[in-house]
Amino acid sequence: MKDTQRPTAESLRDEILHHITYSMGKDPEHASVYDWRMALSLAIRDRVVAPWFAATRRTWEEGRKRVYYLSMEFLIGRMLEDAAINLGIRAICREAIEGLGLDWEKVVENEPDAALGNGGLGRLAACYMESMATLGCPGYGYGIRYEHGLFKQRFEGGRQVETPEDWLKQSHPWEFERPEAAYEIGFKGHVETRDGKPHWVPAETVLAEAFDMPVIGWEGKWANTLRLWAAKPTELFDLERFNHGDYAAAAEPEALARTLSRVLYPDDTTFAGKELRLKQEYFLTAAALQDIIRRHLAAGLALVDLPDHVAIQMNDTHPAIAGPELIRILTDLHGMEFEQAIDIALQCLGYTNHTLLPEALERWATYLIGTVLPRHMQIIEQIDAWHLKMNPKRPHYVGIVKHQEVRMGELAFITSHKVNGVSALHTELIKRNLFPELDKLHPGRIINQTNGITPRRWLRMANPALSHLIIDTIGEGWEADLDRLLALEPHVEDAGFLEAFMAAKRRNKEHLAEWIARTQGITVDPDAIFDIQVKRIHEYKRQLLNILQTIAEWHEIRENPQADFQPRVKIFGGKAAPGYYTAKQIIRLINDVAEVVNNDPYVDGRLKIVYPPNYNVSMAERLIPAADLSEQISTAGKEASGTGNMKFALNGALTIGTLDGANVEIREQVGAENFFLFGMTADEVIERRRDPEHARHAIMASQTLQDVLQMVAEGRFSPDEPERYHDLVHNCWHSDYFLVASDFEAYRAAQKEVDAAFADRASWARKAALNTARMGYFSSDRAIAGYMKEIWDTQSAL
Ligand code: 26V
């Protein structure tokens with residue numbers, strides 16, 4: 001059978017030609033890059049289907065427990081090369097494509113990113129789907145098929161401008177529409193009593209229609225399904241209303257259906273109580289639960305046995321309505337008693353917390369939930385009352401419903417058997433600051449599962465130069481057993497190995513330099529330190545600290561242009577939430593500073609600032625392998641984990657960072673001597689804030705920072721509008737909640753250490769290689785194995 005045998009470049013070429021002709025309907029003579037990309041994708045997809053069916057069939061036959069990962073975001077990125085890598089046919093694909101006279105990179109880069117997420121949380125979901133497939137953990141991802149993913153970012157005069165993203169403009173070869181898998185989802189209406197039991201009569205309904213994407217694991221041994229829901233209008237219901245003459249109401253469901261899965265909310269920094277978002281959350285959750293229950297019942301199983309067959313993981317609180325919805329299904333629709341229903345819900349559900357930022361914690365007005373989901377509001381109150389009854393010692397200020405708001409964190413906690421943080425420090429802070437009372441009432445419920453990243457995409461695929469060196473040095477097998485990278489350790493004593501390691505880095509830096517020249521029109525020196533900060537723009541992540549330090553460096557060069565100076569390329573990437581004014585000012589400042597510094601003859605190319613617009617997964621794959629230095633400089637206690645930090649270190653970048661999130665564990669793993677630590681600890685941050693004048697005190701203690709702030713305030717980087725950054729500077733002096741000023745000198749000192757360390761090439765190479773060798777712990781395979789054992793109670797089917 002052609003789709004199970006390993007292809008040759010020739011056989012694959014024939015398959016591509018077949019698809020060009022019969023799937024794309026194109027004469028090869030006239031096919032575009034898009035056509036070829038589609039044909040190649042379809043040829044690869046043909047090879048995914050057999051393992052996918054086999055895995056699904058085996059799960060049914062063996063009656064296995066399934067994991068359901070509910071997430072409002074899946075930041076998948078491109079799929080073609082990832083599938084080829086995991087099937088072990090990338091080289092063959094490339095050969096076939098080049099044999100057809102095409103440019104491999106152009107074909108791969110023709111694919112738009114599936115950007116159905118904002119940042120860390122969505123990318124984590126994508127890595128976890130891939131690891132579940134690699135480990136043979138039977139499961140489904142459930143999400144929303146947003147028509148428009150995260151907005152595209154452009155810069156105009158240095159300012160961020162957002163334009164809609166349109167990944168579905170062309171047809172998407174990795175999805176299968178399943179019109180037969182569609183469920184009605186209700187909203188609003190009222191609750192009435194039928195046969196003595198509550199019964200919800202929704203006023204509006206929409207259809208959730210499934211689109212399936214196969215998720216193939218390493219070596220194609222297992223594949224799971226990512227099922228994304230698209231909203232469609234329910235025609236029958238409309239007609240009924242129409243016939244009753246209620247035309248406006250008849251049009252409502254259609255309008256709702258059109259908007260429900262239209263756009264991804266692009267703000268991951270603040271909670272805004274948007275009704276549409278609540279509806280999106282319920283839409284995803286209700287569709288998923290109907291699908292889960294249908295599958296369970298179709299296997300002839302009883303609902304009381306649900307926990308033996310179903311584990312549901314809530315990626316943050318966004319799907320936290322799962323608890324009440326499951327209870328509603330079990331009680332209202334299947335006649336179960338409330339106590340038994342909540343017991344089942346508890347055994348099935350798990351909740352991962354991804355942020356401590358109070359402004360990002362979801363809490364919905366009771367009137368809104370009461371309007372949109374009237375029956376759920378009743379059940380939420382019932383859960384709250386039940387929890388209080390079971391825990392009479394619960395303090396009066398603790399609970400799900402307080403001050404006319406439903407706190408989704410508390411709801412998720414109380415309906416889950418396990419609540420997990422995403423790094424050791426973060427989990428400690430959840431226990432200490434976020435849920436101290438609930439932790440006391442439910443000792444052992446809060447556990448840690450430190451985040452991880454998939455080494456297939458983030459090393460094997462993104463960094464062929466380093467991957468091949470690793471394979472030449474220790475062989476294969478590390479891709480699915482990342483601790484094996486430890487075998488590289490003895491080689492750091494070998495000058496030849498270190499040279500090869502740095503040669504691979506150098507090749508990646510040259511590639512990046514070439515891309516920067518081509519796309520940004522900026523020349524950068526591959527011998528300079530490539531110093532990279534890429535992530536969402538947020539005050540707590542402190543891109544401001546980075547750019548202020550960059551200004552200080554520039555000032556130093558200008559003061560003393562003849563001095564020896566370690567050349568650096570400062571690379572920034574990231575989007576700001578469209579309504580986040582300060583973050584947008586920081587973007588503009590970086591671009592303004594870049595304009596001045598990059599064109600300053602005194603600098604003479606020794607310092608460059610590059611900020612390519614529209615940072616996304618594909619850009620990360622390009623930048624990370626070329627980094628020497630990884631910037632992980634958040635205010636301690638604010639970054640739950642970080643996962644970019646892991647990708648950089650795995651690719652042999654050294655980290656300059658605070659003791660925040662997973663940085664703490666990365667430093668433990670790679671060794672303190674191979675990590676540039678600076679800044680206050682989480683406890684010191686709290687302490688420092690008790691001084692209401694901390695900002696002014698810190699600035700007064702640093703002449704450099706005074707000079708830098710003065711330059712910004714005077715308009716040195718915005719001569720056409722000198723007052724442009726007055727707000728930013730004023731905030732530094734008078735508030736500085738994220739302690740940029742207080743950490744400035746420590747950061748600067750650490751950057752000086754970086755300069756000195758980089759000058760010693762052999763020593764730097766050793767540190768970089770040790771970073772790669774010791775990052776095995778941060779594989780998402782380790783993380784998923786932890787979830788399987790400690791939360792899901794499920795076994796590999798492999
Ligand atoms: C919150 C909201 C609020 C309502 C509007 C839409 C929206 C979307 C996302 C979020 C939560 C963002 C939380 C998040 O992304 N946390 C990140 O999770 C990563 C994976 O665990 C972790 O590495 C990062 O440190 C953490 O910031």
Side-chain angles (χ1 to χ4, degrees), residues 69-75 115-128 143-144 146 149-151 263-281 284 313-320 351-364 407-409 412 419-427 429-430 434 448-454 534-542 574-575 577-580 620 632-648 657-658 660-666 682 778 780 783-784 787:
Y69 198 86
L70 269 60
S71 179
M72 286 289 280
E73 307 191 2
F74 287 92
L75 230 188
L116 311 183
N118 274 286
L121 168 142
R123 182 54 234 176
L124 188 79
C127 281
Y128 281 6
I144 294 180
Y146 301 106
L150 189 62
F151 65 85
V263 288
L264 164 80
Y265 272 89
D267 190 341
D268 64 351
T269 55
T270 47
F271 170 76
K274 295 253 166 60
E275 180 175 338
L276 182 61
R277 171 138 179 119
L278 175 65
K279 287 179 168 174
Q280 286 186 329
E281 294 181 350
L284 157 70
Q313 192 64 26
M314 300 184 283
N315 199 24
D316 218 294
T317 56
H318 315 152
Y351 156 46
T352 306
N353 174 280
H354 294 272
T355 184
L356 299 167
L357 298 180
E359 65 272 26
L361 297 176
E362 288 190 300
R363 38 202 170 74
W364 296 100
R407 302 172 177 174
M408 300 308 268
V419 175
N420 77 282
V422 290
S423 73
L425 174 65
H426 172 63
T427 300
L429 295 174
I430 292 179
L434 190 59
N448 178 242
Q449 295 298 341
T450 296
N451 283 167
I453 56 168
T454 168
V534 285
K535 46 185 81 248
R536 285 297 285 257
I537 311 297
H538 195 293
E539 287 164 277
Y540 84 77
K541 296 178 187 281
R542 297 200 296 192
K575 297 175 183 178
Y580 190 171
Q632 307 300 335
I633 62 178
S634 51
T635 313
K638 293 291 174 192
E639 190 69 271
S641 162
T643 45
N645 48 3
M646 301 169 186
K647 293 162 197 167
F648 279 102
T658 49
D660 200 13
N663 293 355
V664 178
E665 291 153 84
I666 292 175
F778 299 97
S780 42
I784 286 299
Y787 280 82

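We count ligands from 1, going down the list as the structure has it; atoms in each ligand are counted the same way. Keep in mind that this is a model prediction, so the values were computed, not measured.
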K.L.:
Just to confirm my output: which protein heavy-atom neighbour is closest to atom 7 (C) of ligand 1, and how far is it?
P.N.:
D267 O, 3.2 Å

K.L.:
Is it true that T352 and Q449 share a donor-acceptor pair across their side chains at a distance under 3.5 Å?
P.N.:
no

K.L.:
Please determine if E639 has a nitrogen or oxygen closer than 3.5 Å to a nitrogen or oxygen of ligand 1.
P.N.:
yes

K.L.:
Can you name the nearest heavy-atom pair linking N420 to Y787, along with the distance?
P.N.:
ND2-OH, 2.9 Å

K.L.:
Quick one: do the D268 and H538 side chains pair a donor with an acceptor below 3.5 Å?
P.N.:
no

K.L.:
What is the closest protein heavy atom to atom 15 (O) of ligand 1, and at what distance does it sit?
P.N.:
L121 CB, 3.3 Å

K.L.:
Considering only the protein, which heavy-atom contact is closest to atom 22 (C) of ligand 1, and what is its distance?
P.N.:
G642 N, 3.7 Å

K.L.:
How many angstroms lie between atom NE2 of H426 and atom CD of E639, to the nearest 0.5 angstrom?
P.N.:
10.0 Å

K.L.:
For atom 3 (C) of ligand 1, which protein heavy atom lies nearest, and how many Å away is it?
P.N.:
T270 O, 3.8 Å

K.L.:
Which atoms form the tightest heavy-atom contact between A577 and T269, and what is the distance?
P.N.:
CB-OG1, 4.2 Å

K.L.:
Quick one: look at D268 and ligand 1, take heavy-atom pairs under 4.0 Å, and tell me if it's side chain, backbone, both or neither.
P.N.:
both

K.L.:
Check this for me - ligand 1, E362, N or O atoms closer than 3.5 angstrom, yes or no?
P.N.:
no

K.L.:
Is the side chain of D660 donor-acceptor paired with the backbone N or O of G637 at a distance under 3.5 Å, no angle test?
P.N.:
yes

K.L.:
Roughly how far apart are Y265 OH and Q280 CD, rounded to 0.5 Å?
P.N.:
6.0 Å

K.L.:
If you measure from each heavy atom of R277 to ligand 1, is any distance below 4.0 Å?
P.N.:
yes

K.L.:
Counting both backbone and side chain atoms, is some N or O of H354 under 3.5 Å from an N or O of ligand 1?
P.N.:
yes

K.L.:
Have a look at ligand 1 and work out which part of N451, if any, has a heavy atom under 4.0 Å from it: side chain, backbone, both or neither.
P.N.:
side chain

K.L.:
Can you sort out which atoms of ligand 1 are near Y540, meaning under 4.0 Å from one of its heavy atoms?
P.N.:
27 (O)

K.L.:
Minimum heavy-atom separation for A682 to A636, with atom names?
P.N.:
N-CB, 3.4 Å

K.L.:
Do the side chain of T317 and the main chain of G409 share a donor and acceptor less than 3.5 angstrom apart?
P.N.:
no

K.L.:
Quick one: look up the protein heavy atom nearest atom 8 (C) of ligand 1 and list residue, atom name and how far away it is.
P.N.:
E73 OE2, 3.5 Å

K.L.:
Which of the numbered atoms in ligand 1 are under 4.0 angstrom from any heavy atom belonging to G120?
P.N.:
19 (C), 20 (C)

K.L.:
Considering non-hydrogen atoms of the protein only, which is the closest contact for atom 1 (C) of ligand 1, and what is the distance?
P.N.:
H318 NE2, 3.7 Å

K.L.:
Counting from 1, what ligand 1 atoms have a heavy atom of A640 closer than 4.0 Å?
P.N.:
25 (O)

K.L.:
Check side-chain contact (heavy atoms from CB on, under 4.5 Å) between A424 and all other residues, then give those that pass, not counting sequence neighbours.
P.N.:
N448, E665

